[in-house]
Colleague: 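Right, I'll just put the structure down here and ask away after.
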Amino acid sequence: QVQLVESGGDLVQPGGSLRLSCAASGSIFRLNAMAWYRQAPGKERELVATIASGGTTQYADSVKGRFTISRANVENTVYLQMNSLKPEDTAVYYCNAYILTNWYSTGRNYWGKGTLVTVSS
């Protein structure tokens with residue numbers, strides 16, 4: 001069994017910075033693409049950033065230039081560095097990963113339970 005656990009969510013002032021972490025644990029043969037999503041109150045969940053196993057990254061236009069996604073493969077961890085935070089960044093942030101638990105079976109997506117980021121004066 002595999003689980004993803006997010007951490008680092010907090011209350012921060014506009015213009016501030018925050019770093020989120022997501023650690024994957026359990027029976028992991030290969031950890032492929034990883035991503036961060038977020039969901040604001042009353043809104044649909046949206047994709048924030050993705051990082052492929054080879055390191056290629058993509059960002060939503062709303063966070064491009066302010067957020068940076070990275071990963072530490074040996075530790076099965078993905079990070080989201082958030083700078084120049086705005087009130088509209090307020091949301092629950094979710095970690096997602098596509099994981100293979102063995103070499104012969106098909107992988108699947110796993111989700112964390114989320115961590116709350118609140119940007120307010």
Side-chain angles (χ1 to χ4, degrees):
Q1 52 187 31
V2 175
Q3 68 172 3
L4 304 178
V5 180
E6 303 97 335
S7 62
D10 206 349
L11 171 65
V12 63
Q13 295 184 343
S17 297
L18 206 59
R19 191 192 195 199
L20 305 183
S21 299
C22 172
S25 62
S27 182
I28 301 174
F29 174 74
R30 184 178 181 84
L31 197 158
N32 291 340
M34 303 187 76
W36 285 97
Y37 289 77
R38 68 184 182 186
Q39 186 168 20
K43 305 295 183 180
E44 295 293 325
R45 185 174 59 187
E46 65 174 343
L47 179 63
V48 176
T50 64
I51 183 166
S53 60
T56 301
T57 59
Q58 292 185 323
Y59 299 91
D61 289 339
S62 59
V63 306
K64 193 172 300 181
R66 300 186 298 119
F67 290 11
T68 302
I69 187 172
S70 61
R71 61 192 293 167
N73 291 331
V74 175
E75 299 174 353
N76 293 324
T77 302
V78 63
Y79 304 95
L80 185 68
Q81 178 66 47
M82 304 182 293
N83 299 324
S84 302
L85 284 164
K86 305 174 181 179
E88 52 262 43
D89 294 319
T90 296
V92 176
Y93 284 72
Y94 297 92
C95 178
N96 173 267
Y98 190 85
I99 298 174
L100 301 175
T101 56
N102 55 66
W103 70 269
Y104 55 83
S105 63
T106 303
R108 55 155 287 186
N109 280 311
Y110 291 85
W111 290 91
K113 294 183 178 180
T115 184
L116 177 62
V117 173
T118 302
V119 185
S120 179
S121 299

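Below, all heavy atoms of this structure are taken into account, side chains as well, without hydrogens, waters or symmetry copies.
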Colleague: Between Arg30 and Leu100, is there a donor-acceptor pair closer than 3.5 Å when you use the side chain of the first and the backbone of the second?
Modeller: no
Colleague: Can you tell me which residue pairs pass the ring-ring contact (aromatic ring centres under 6.0 Å, His included) test with a partner in residues 8-39, sequence neighbours excluded?
Modeller: Tyr37-Trp111
Colleague: Can you tell which of Glu6, Arg38, Met82 makes a side chain to side chain contact (heavy atoms under 4.5 Å, CB included) with Leu20?
Modeller: Met82
Colleague: Could you give the side-chain donor-acceptor pairs of residues 113-121 under 3.5 Å, partners two or more places apart or in another chain?
Modeller:
| unit_1 | atom_1 | unit_2 | atom_2 | d |
| --- | --- | --- | --- | --- |
| Thr115 | OG1 | Gly9 | N | 3.1 |

Colleague: Quick one: do Val48 and Val12 end up in the same hydrophobic cluster if we chain Ile, Leu, Val, Met, Phe, Trp and Tyr together by side-chain heavy atoms under 4.5 Å apart?
Modeller: yes
Colleague: Linking I/L/V/M/F/W/Y whenever their side-chain heavy atoms sit closer than 4.5 Å, directly or via other members, would Tyr110 and Tyr94 fall into one cluster?
Modeller: no
Colleague: How long is the span from the CD1 atom in Ile99 to the CD atom in Gln3, to the nearest 0.5 Å?
Modeller: 10.5 Å
Colleague: Between Arg71 and Ala52, which heavy-atom pair has the shortest distance, and what is it?
Modeller: NH1-O, 3.2 Å
Colleague: Return the minimal non-hydrogen interatomic distance between Thr50 and Ile69, and the atom names on each side.
Modeller: O-CG2, 3.6 Å
Colleague: Got more than 12 heavy atoms from elsewhere within 6.0 Å of CD, Glu46?
Modeller: yes
Colleague: Please identify each residue that fulfils side-chain hydrogen bond (donor to acceptor under 3.5 Å, both in side chains) with Thr57, with sequence neighbours left out.
Modeller: none
Colleague: For Leu80 and Ala49, work out which heavy atoms get closest and say how close.
Modeller: CD1-CB, 4.4 Å
Colleague: Starting from Ile28, can I reach Tyr98 by hopping between I/L/V/M/F/W/Y residues whose side chains sit under 4.5 Å apart?
Modeller: no
Colleague: Got a salt bridge between Lys64 and Asp61, using NZ or NE/NH1/NH2 to carboxylate O under 4.0 Å?
Modeller: yes
Colleague: Where is the tightest heavy-atom contact between Ala60 and Leu47, given as atom of each residue plus distance?
Modeller: CB-O, 3.5 Å
Colleague: How long is the span from the CG atom in Asp89 to the OG atom in Ser62, to the nearest 0.5 Å?
Modeller: 7.0 Å
Colleague: Determine which pairs satisfy ring-ring contact (aromatic ring centres under 6.0 Å, His included) with at least one residue from residues 51-81, sequence neighbours left out, and list them in order.
Modeller: none
Colleague: For Arg45, enumerate each residue passing the salt bridge (charged side-chain N to carboxylate O under 4.0 Å, His left out) test, keeping only those at least two apart in sequence or located in another chain.
Modeller: none
Colleague: Which heavy atom of Asn102 sits nearest to which heavy atom of Ser105, and what is that distance?
Modeller: OD1-OG, 2.5 Å
Colleague: Could you tell me whether the side chains of Ser53 and Asn32 share a donor-acceptor contact shorter than 3.5 Å?
Modeller: no
Colleague: For Cys22 versus Leu4, what's the shortest heavy-atom pair and its separation?
Modeller: SG-CB, 3.9 Å
Colleague: Among residues at least two apart in sequence or on other chains, which ones pass side-chain hydrogen bond (donor to acceptor under 3.5 Å, both in side chains) with Asn109?
Modeller: none
Colleague: Out of curiosity, Gln81 CD to Ser21 OG, how far, rounded to the nearest 0.5 Å?
Modeller: 9.5 Å
Colleague: With a cut-off of 6.0 Å (strictly less than), are more than 12 heavy atoms of other residues, nucleotides or ligands near CD of Gln13?
Modeller: no
